[in-house]
Each structure stands twice: as structure tokens, then as C-alpha cells.
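This report concerns only the one structure given below.
Count residues from 1 along the sequence. Note that the structure is predicted; figures quoted are calculated from it, not measured. Values reported hereafter were calculated over all heavy atoms of this structure, with side chains retained and with hydrogens, waters and symmetry mates removed.
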Amino acid sequence: MKPDLFEAPDYYNLDELLTEEHKLVRSAAREWVKREVSPIIEEYAQKAEFPEQIISGLADIGAFGPYIPMEYGGAGLDQISYGLIMQEIERGDSGIRSTASVQSSLVMYPIWKYGTEAQRQKYLPKLASGEWMGCFGLTEPDHGSNPGGMTTNFKDKGDHYLLNGAKMWISNAPFAQVAVVWAKDESGRIHGLLVERGMEGFTTPETHNKWSLRASSTGELIFDNVKVPKENLLPNKSGLGAPLGCLDSARYGIAWGAIGAAMDCYDTALRYSKERMQFGKPIGQFQLQQKKLAEMITEITKAQLLTWRLGSLRNDGKATSAQISMAKRNNVDMAINIAREARQMLGGMGITGEYSIMRHSMNLESVITYEGTHDIHLLITGLDITGLNAFK
Ligand SMILES: Cc1cc2nc3c(=O)[nH]c(=O)nc-3n(C[C@H](O)[C@H](O)[C@H](O)COP(=O)(O)OP(=O)(O)OC[C@H]3O[C@@H](n4cnc5c(N)ncnc54)[C@H](O)[C@@H]3O)c2cc1C
């Protein structure tokens, strides 16, 4: 793969909206990605393996629990810093960002918000340092966009719960030490349970043959009469709103992450357009190529503004789920389109692993599907503005 020469576009001087702390956090993450991710990511994506050696580095840049309080091992940062870390990691690879998102927003967040003090003390410091990795089991083979239909369930057996069912498409599942699992109780109400590797009847087979997020490990969670201790139930929130609260936090991170992938594709195509000569000129001198680049930077700039504003709203505790949906949907769509256009600008070279664009393009096919598909987020906006439910 080519050396990482990435320079971030900032067409509207958005850096002026950032604090010194934001810039420091971003710069640490950017340098780490250049040093630790860019040199190895192509090889790991090609062999479809998660590079486990980067876990401690992810912890060092604050990627595990950026906004979790320091008393639990988190970085205690604000929402914009969290977003900037996700942007920089996804600039390197969406699969690596997925690992960090799951750990922070789908595992640490529910333990912090819905767990007991004993659960926080037991799990959060280990998850923040990367000593333990976690995963989040919501999706099932027959229930993806409609998680409320889940059939995974647990029964109260007096001194423990008995868990049965299966989850599918679970990021980090093959190596996670703890899974936040969403399951229905005997009355049909959804709760979160902390299921640890090693519990009898709990297995995590890996999912193979992915053409997307190849450097992220994905698997199933299978529960065959798993005895879960009663103290492993997350007591402070139940119902579908509990997992959806985690998804808000993760989707917000994805909105930033997608900008990172788009920036990398744009920056690569811009540099290539000035170097690649055809018909005696750099291809960047042709109007058709300039149109592509001009539209890319316009879309990136709009997404940066939208997302910065969303971060400010989240810092004030004012962002709605529907606002987060809009940003996730817009930014991932923006990034996937930019990846496609940028890939074309590199001609044949664009399909090789010499450059990052094709990998981003394939990765974004998962990002546009998980944490609510492109269609589902549109329905959320539709419901929000009309008050009419088009889901069913
Ligand atoms: C690589 C990867 C990693 C993932 N990681 C995780 C994870 O860590 N944890 C987890 O729980 N899940 C995870 N997922 C699952 C992901 O969230 C689901 O794939 C996603 O929610 C879509 O569900 P589905 O695949 O079953 O598609 P379906 O729900 O079957 O949707 C199929 C199509 O139908 C459309 N559709 C569905 N309902 C409607 C409707 N009402 N109106 C109009 N159109 C509709 C959808 O938009 C989509 O286009 C992951 C997925 C992938 C690919």
C-alpha cells in the first residue's frame, strides 16, 4: 500500500469551532492511525482478520469510552472529541472504527447508564483499557430492522436466569469476553444481560465470507440453556428504548466516522488527480474530474457542519434520536457516493489495494446497513416530521 500522506480538508475553516482539547485529541488519533493502522490495514483486510495488536493503542487514544467518566477508566471527553476520534479511526478503516464504536457505545454505555455500581466497577475499567473486549447482541437471524420481534428469551429460575436464543451479525463476537445481550423476559419485556465467555452453553462462531468490514471480526452468539447470574441483569432500563438508547450514541459516532472515510477518499483522489497524466495533462485539469472533486468537497463540508452542530446539541443534552438518524443516513450516503466517484478517478489503480478507496467503498456497504439501514433512517425522519408511522 502507498505511504499514508493524508491531509484533512477543512474548506470552511471549521477548526475555528474546535477547542484546543478537540484538536489535541484529534491529532493524537490521526498520528496513531498513520503510524499503527495505515501500514497494516490492507494486509489484515485482505486476510479478513482483526489486528488484535492495535487494541492497546485504541485504548491509549481514548477510543474505548471517550465520554465515559474517568473514575471508570473512560477518557471523560465531550461529544465532539468522541466524534473526532471516530472520524480519525474510520479515516483509517471502518472496521477498526466499528470495534471501537461497539466497545464504547454499545457495551460501556449501557453498563454505565443502565448498570449497577458493582457492574460499572467490575467491567468499565477493563473495557476502557482493552483488557476485555465486548460485543452487543441485538440482531437475530429473523429480526434485523425489527428488533422488537426478537425471540431470544430468559426465564427466572430462582437463583439464576436461563437464557436461550441466537444473535447474528455481531461485531467483536468471536473474541469478546463479555456480551451485552438483549432478550425478553417471561412477560415479553426486553432487558439487557451481561453474558461472559466461558458460561456453559454460550458459543460465538465466526461469520466468514464477508466482502465488507473484512478487518472487523463478526460472529453469532448462541445461547443454549445458559445460566446467567441474577446480578448480570442491567436493572436501570428495560424495553426497546434501552438498546435504542445505545444505538443513538453509536449512530452519532458513525456520522463522524463516515466523514473520515469520505475525507480519505477525497484526499487520495485529489492527490492522484494532480499526479496522473493523460493526454499530456494532469487529469485534475479536466472539467469532468474537477466536477467530481468539487462536489466531493461540497458534500464533505456540509456533513462536517451538520455533524459539528449535532455534537454541540449532544453536549447540551438536546439532540433527538431523529436528528441523529438524519446525520447517520446523510453522512454514510455521502461517503459511499464519494468512495464510488473517487474510485473511478483512480481508473484501474482504484480497484487495487495500493490505495484505500476500494476498501472504504466495500466497508461502507456495511456501515449503510448496520445500526439502522438507509431506508429505516429515512422512515425515522418521515415519522418525525409527519407524526405518521410508515414502518408497518
Ligand atoms: C458487518 C455487520 C456488523 C454488524 N454488527 C452488529 C452488532 O454488533 N450487533 C447487532 O446487534 N447487529 C449488528 N449488525 C446487524 C445490523 O444492524 C442489521 O444487519 C441491520 O439492522 C439490518 O437488518 P437485516 O440485515 O436483518 O436486514 P432486514 O431488516 O431484513 O432489511 C432488509 C431490507 O428491507 C428494508 N426494510 C426492513 N424493514 C422495512 C420497512 N419497515 N420499510 C421499508 N423497508 C424496510 C431494509 O431497509 C433493508 O433494505 C451488523 C451487520 C453487519 C452487516
Self-check item: Short side-chain to backbone donor-acceptor contact, R197 and P174, under 3.5 Å
Solution: yes
Quiz prompt | S104 side-chain N/O to G65 backbone N/O, donor-acceptor pair under 3.5 Å | solution = yes
Quiz item: Ignoring hydrogens and geometry, is there a side-chain-to-backbone donor-acceptor pair from N172 to A176 under 3.5 Å?
Solution: no
Exercise. I would like to know whether Y82 and L77 meet side-chain contact (heavy atoms from CB on, under 4.5 Å); could you show each step before the answer?
Key: CA-CA 7 Å; Y82 161 44; L77 297 167; 5.9 Å; no
Quiz item: If two hydrophobic side chains count as joined below 4.5 Å and joins carry through other members, does F136 share a cluster with I170?
Solution: no
Quiz item: How about L240: does its CG atom have over 12 heavy atoms from other parts shown lying under 6.0 Å from it?
Solution: yes
Self-check item: Distance, nearest 0.5 Å, that separates CE of M358 from CZ of R340
Solution: 10.0 Å
Practice problem: Indicate the atoms forming the closest heavy-atom contact of I190 with G148, along with that distance. | Solution: CD1-CA, 4.3 Å
Exercise. Answer yes if the ring centres of Y123 and Y72 are under 6.0 angstrom apart, and no otherwise.
Key: no
Exercise. Kindly check if the number of other-residue, nucleotide or ligand heavy atoms within 6.0 Å of CG (L288) is above 12?
Key: no
Quiz prompt | Test side-chain contact (heavy atoms from CB on, under 4.5 Å) applied to F286 and K281, step by step | solution = CA-CA 8 Å; F286 298 118; K281 292 177 185 172; 4.0 Å; yes
Quiz prompt | More than 12 heavy atoms from other groups under 6.0 Å of CZ on F391 | solution = yes
Self-check item: N153 side-chain N/O to D185 backbone N/O, donor-acceptor pair under 3.5 Å
Solution: no
Quiz item: Any donor-acceptor pair under 3.5 Å linking the side chain of N232 with the backbone of L193?
Solution: no
Exercise. Quick one: closest heavy-atom pair of I259 and A303, and the distance?
Key: CD1-O, 3.6 Å
Self-check item: Gap separating the CZ atom of R314 from the CZ atom of R309, nearest 0.5 angstrom
Solution: 14.0 Å
Exercise. Search all heavy atoms of R91 against all heavy atoms of G260 and return the closest pair with its distance.
Key: CG-O, 3.3 Å
Quiz item: Can we say R30 and E88 salt-bridge, meaning some charged N sits less than 4.0 Å from an Asp/Glu carboxylate O?
Solution: yes
Exercise. Determine whether E299 and N337 make a side-chain contact, defined as any pair of heavy atoms from C-beta on separated by less than 4.5 Å.
Key: no
Exercise. Evaluate whether atom CD of E7 has more than 12 neighbouring non-hydrogen atoms of other residues, nucleotides or ligands under 6.0 angstrom away.
Key: no
Practice problem: Apply side-chain contact (heavy atoms from CB on, under 4.5 Å) to the pair Y11 and I300, showing each step before the final yes or no. | Solution: CA-CA 9 Å; Y11 202 70; I300 288 171; over 6 Å; no
Quiz item: Is there a side-chain contact between T19 and K23, using heavy atoms and a 4.5 Å cut-off?
Solution: no
Exercise. Output the distance between atom CG (L106) and atom SG (C246), rounded to the nearest 0.5 Å.
Key: 6.0 Å
Quiz prompt | Which atom of K34 lies closest to which atom of P39, heavy atoms considered | solution = O-CD, 3.4 Å
Quiz item: Side chains of V107 and V102: does their closest heavy-atom pair fall under 4.5 Å?
Solution: yes
Quiz item: Are the side chain of H377 and the backbone of E371 linked by a donor-acceptor contact shorter than 3.5 Å?
Solution: yes
Quiz prompt | Validation row: Q177, M133 side chains within 4.5 angstrom (heavy atoms) | solution = yes
Self-check item: Side chain proximity check, M349 to E354, heavy atoms < 4.5 angstrom
Solution: yes
Exercise. Report yes if the side chains of I380 and S321 come closer than 4.5 Å at any heavy-atom pair, otherwise no.
Key: no
Practice problem: Begin with the C-alpha distance, continue with both residues' side-chain angles, and end with the deciding distance and a verdict on side chain to side chain donor-acceptor pair (under 3.5 Å) for T381 and D384. | Solution: CA-CA 5 Å; T381 306; D384 196 46; over 6 Å; no
Quiz prompt | Spatial distance of atom CG (L221) from atom CG (L163) [nearest 0.5 Å] | solution = 9.5 Å
Quiz item: Between N13 and E16, is there a donor-acceptor pair closer than 3.5 Å when you use the side chain of the first and the backbone of the second?
Solution: no
Quiz item: Is there side-chain contact between R271 and E275, with at least one heavy-atom pair below 4.5 Å?
Solution: yes
Quiz prompt | Neighbour count above 12 (heavy atom, 6.0 Å) for K318 NZ | solution = no
Quiz prompt | For the student: nearest non-hydrogen atoms of G239 and P243, plus distance | solution = O-CD, 3.3 Å
Quiz item: Going through the distances and angles, do L310 and W256 end up as a side-chain contact (heavy atoms from CB on, under 4.5 Å)?
Solution: CA-CA 10 Å; L310 184 63; W256 281 94; over 6 Å; no
Quiz item: Under 4.0 Å between a Lys/Arg side-chain N and an Asp/Glu carboxylate O for E140 and K167?
Solution: yes
Exercise. Flag the pair Y44 / F50 as yes when their ring centroid distance falls below 6.0 Å, and as no otherwise.
Key: no
Quiz item: Distance-only, no hydrogens or angles: does the Q323 side chain make a donor-acceptor pair with backbone N or O of T320 under 3.5 Å?
Solution: yes
Quiz item: Any chain of hydrophobic side-chain contacts (each under 4.5 Å) joining L244 to M150?
Solution: yes
Practice problem: Before accepting this row, confirm whether a basic side-chain N of the pair E31/R35 lies closer than 4.0 Å to the acidic partner's carboxylate O. | Solution: no
Exercise. Please round to the nearest 0.5 Å and tell me the distance separating atom OH of Y114 and atom CZ of R120.
Key: 12.0 Å
Quiz prompt | Crowding at CH2, W169 (>12 non-hydrogen neighbours, <6.0 Å) | solution = no
Quiz item: Between T373 and D375, does a side chain to side chain donor-acceptor pair (under 3.5 Å) hold up when you go through it step by step?
Solution: CA-CA 5 Å; T373 67; D375 295 334; 4.8 Å; no
Quiz item: Got a salt bridge between K230 and D156, using NZ or NE/NH1/NH2 to carboxylate O under 4.0 Å?
Solution: yes
Quiz item: Do F223 and F154 have their ring centres less than 6.0 Å from each other?
Solution: no
Quiz item: Got a sec: does the CE of M326 have more than 12 other heavy atoms crowding it under 6.0 Å?
Solution: no
Quiz item: Hey, is R359 close enough to D93 for a salt bridge, meaning N to O under 4.0 Å?
Solution: yes
Self-check item: Between CD1 on residue I41 and CD1 on residue I96, distance to nearest 0.5 Å
Solution: 4.0 Å
Practice problem: Would you please test S101 and Y252 for side chain to side chain donor-acceptor pair (under 3.5 Å) and show each step? | Solution: CA-CA 10 Å; S101 285; Y252 166 73; over 6 Å; no
Quiz prompt | Nearest heavy-atom neighbours spanning S94 and Y370 | solution = O-OH, 4.5 Å
Practice problem: State whether R26 and D15 are salt-bridged, where the test is any N-O pair (Lys NZ or Arg NE/NH1/NH2 against Asp/Glu carboxylate O) under 4.0 Å. | Solution: yes
Quiz prompt | Donor-acceptor contact present, side-chain T369 to main-chain E365, <3.5 Å | solution = yes
Quiz prompt | Note: D333-K328 ion pair, threshold 4.0 Å (strictly below) | solution = no
Self-check item: Donor-acceptor contact present, side-chain Q103 to main-chain L127, <3.5 Å
Solution: yes
Self-check item: Exceeds 12 heavy-atom contacts within 6.0 angstrom, atom CD of Q287
Solution: no
Exercise. Please test S212 against S366 for side chain to side chain donor-acceptor pair (under 3.5 Å), starting from the C-alpha separation and ending with a verdict.
Key: CA-CA 6 Å; S212 175; S366 287; 2.7 Å; yes
Quiz item: If we only count heavy atoms from C-beta on, is the Q289 to P282 side-chain gap below 4.5 Å?
Solution: no
